[in-house]
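In this chain, numbering begins with 1 at the start of the sequence shown.
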Amino acid sequence: MTEPASAAARSVTPPTSRRHSAIEIDRTPEIEPEDDETVEPTSGTLDREERSSLRRVPGLTGASTELTDVTEVEYRQLRLERVVLIGVWTSGNSAMADASMVELARLAETAGSEVLDGLVQRRSSPDPATFVGSGKVEELKATVQTTGADTVIADGELSPGQLRQLEEKLKVKVVDRTALILDIFAQHARSREGKAQVELAQLRYFLPRLRGWGESMSRQGGGAGGGAGGGVGTRGPGETKLETDRRRIHQRISKLRRELEGMKTVRDTQRDRRRRRDVPAVAIAGYTNAGKSSLLNAITDAGVLVEDALFATLDPTTRRWETPDGREATVTDTVGFVRHLPHQLVEAFRSTLEEVGDADLIVHVVDGSDPAATDQIAAVREVIAEVGQGPDEPRSPSRGDDPQRAMPAPPELLVVNKVDDADPMAIAQLRATLPGAVFVSARTGEGIGLLRRRIAEALPRPEVELDVVLPYTEGALVARVHEEGEVLSERHLPEGTRLQARVSVELATALQQVAVPVA
């Protein structure tokens, strides 16, 4: 049944609470150092300072202006676009539709925009021509003119035809959800690999959406003689500027793929080195802004960037961690996920997301203060499954996997974060819905000790248990047992050091070759 027009297009009030603010104020009390104390800034502190610092913009001064020193704020915090959101509610209840629009508003604010209004239309499916239908386009145009917006953001991926039709009718710039997320990724990419991955995703997205106006559609290099053509080999119909752009984009995509393949080889080599040493790997995954980086800092004192913003960190960070029982492990903070994560990003970041599929344990972080926490869990698991179904290399046979079979999903440990900021009734409901989950607060430290123990219990243990006596000249092997294995007992005898430990097969062979007999 068709709903009335008043109910079909509903206004969604943009979020104004502190959680949904694009510019977050750090309220953590600062500790003044003593006169003789030097505080070393962490990498996260340096990243935050660089994002908010002033930088001179080159090329703005010259003969056309009298200004001699022009500075502009980086990270677009003062260059806010005025946007109106538009969404199509095709399935689920109204609460789910509103939650999707609230998330879109937070994405827009993170990208550096000011959200003025939001509209949702109930339809069985998006209109193939204009996404919302011709009648609602007129209502949207009136809203844009009333609010003075200069951009419209659609809660979905628009086809090239829908994008062109909306811009022609609304007379303002139109951006879809995919382009918005790509823009955020482009702002936050830090490493060479991250920047290449974002550029590859952007080129794949914009390639089918290239359009030409005026001179862009003119022929290049055509003509029959004289000065009209470019000489031998260039006469004929030529090609349009649009075709030239497409060819250059294809060339750039090929180059980026080759570069990322080389970076993937380096990443695989690092993982293989850890595998040979049988170092367990822990991957922290979860919805964006669920507190993954905060949790990494709480577990390993990594000091990475922590910010109340969507996709604040993109590049994976790996830190060494010693478990409570003395074993060595690595903990990796991965890129955050979101509902309807663009497939271009999944493909471009596949080498990074392989850290999740190749881990021995996935620590799945959930925002306990979010009303849609269970929906976030489903969205993250969907992306992890999509990564596992891709053309990945089979896992190492030393881990017991059949190379001919699909890579099995690693075990998962659910961690509900931000319990200090959540409603107690909501936490009680999550405890009943998610049995076995660990409830923590990375900010206050609540439950972090229990989480460390649960992670250590879930990690695979060395395969071989042995009792050997090593001569005192083999101190390097004793240190290696402490670093790579699990020491059960250690005694010093006249013949050497007696160790009862659990170690890998490779290390056990090396120990047995130098062990001395005991009378």
Side-chain angles (χ1 to χ4, degrees), residues 37-38 40 42-43 265-284 296-304 316-333 355 358-361 363 395-401 410-411 413 448-519:
E37 181 183 357
T38 302
E40 292 292 336
T42 63
S43 59
T265 302
V266 175
R267 189 182 296 275
D268 290 342
T269 302
Q270 294 172 346
R271 282 201 295 260
D272 290 339
R273 187 181 300 116
R274 294 196 297 264
R275 289 174 185 172
R276 286 194 300 269
R277 295 178 55 197
D278 283 333
V279 178
V282 179
I284 302 179
L296 177 68
N297 290 341
I299 295 175
T300 66
D301 297 326
V304 299
T317 303
T318 301
R319 291 291 184 269
R320 180 185 177 276
W321 174 56
E322 185 175 331
T323 64
D325 53 9
R327 289 181 292 157
E328 181 186 16
T330 61
V331 184
T332 302
D333 176 25
E355 296 285 352
D358 197 67
D360 294 288
L361 175 68
V363 177
R395 299 187 75 186
S396 172
S398 63
R399 294 200 173 189
D401 298 330
L413 175 62
I448 297 298
L450 174 61
L451 175 60
R452 291 193 181 105
R453 294 193 297 270
R454 290 286 301 273
I455 293 176
E457 294 171 358
L459 290 178
R461 295 184 175 274
E463 304 172 7
V464 181
E465 182 175 346
L466 45 75
D467 185 353
V468 294
V469 176
L470 301 179
Y472 289 114
T473 57
E474 299 295 337
L477 273 179
V478 175
R480 186 177 170 188
V481 172
H482 280 276
E483 182 179 358
E484 301 179 17
E486 180 181 355
V487 178
L488 304 178
S489 68
E490 181 178 5
R491 294 168 53 195
H492 297 288
L493 305 176
E495 299 84 357
T497 303
R498 182 172 184 174
L499 289 176
Q500 286 182 304
R502 295 182 62 90
V503 296
S504 64
V505 175
E506 178 187 358
L507 184 54
T509 303
L511 294 175
Q512 291 169 351
Q513 289 176 352
V514 299
V516 297
V518 180

Side-chain donor/acceptor of Asp360 to backbone N/O of Ala281, under 3.5 Å: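 Yes: the side chain of Asp360 pairs with the backbone of Ala281.
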
Is there a side-chain contact between [X] and [Y] (heavy atoms, below 4.5 Å)?
| X | Y | answer |
| --- | --- | --- |
| Glu490 | Val481 | no |
| Leu413 | Leu451 | yes |
| Thr323 | Ile455 | no |

Do you know which two heavy atoms are closest between [X] and [Y], and how far apart they sit?
| X | Y | result |
| --- | --- | --- |
| Val516 | Pro471 | CG1-CD, 3.9 Å |
| Ala359 | Val282 | CB-C, 4.4 Å |
| Pro410 | Leu361 | CB-N, 4.5 Å |
| Ala298 | Arg452 | O-NH2, 2.6 Å |

Rounded distance (nearest 0.5 Å) linking atom [atom1] of [X] with atom [atom2] of [Y]:
| X | Y | atom1 | atom2 | value |
| --- | --- | --- | --- | --- |
| Leu470 | Glu495 | CG | CD | 12.0 Å |
| Leu499 | Leu477 | CG | CG | 9.5 Å |
| Trp321 | Thr332 | CH2 | OG1 | 12.5 Å |
| Asp467 | Arg491 | CG | CZ | 9.0 Å |
| Arg319 | Thr330 | CZ | OG1 | 11.5 Å |
| Arg480 | Leu511 | CZ | CG | 8.0 Å |

Derivation of the side-chain contact (heavy atoms from CB on, under 4.5 Å) call for Glu465 and Leu488: CA-CA 9 Å; Glu465 182 175 346; Leu488 304 178; 3.5 Å; yes

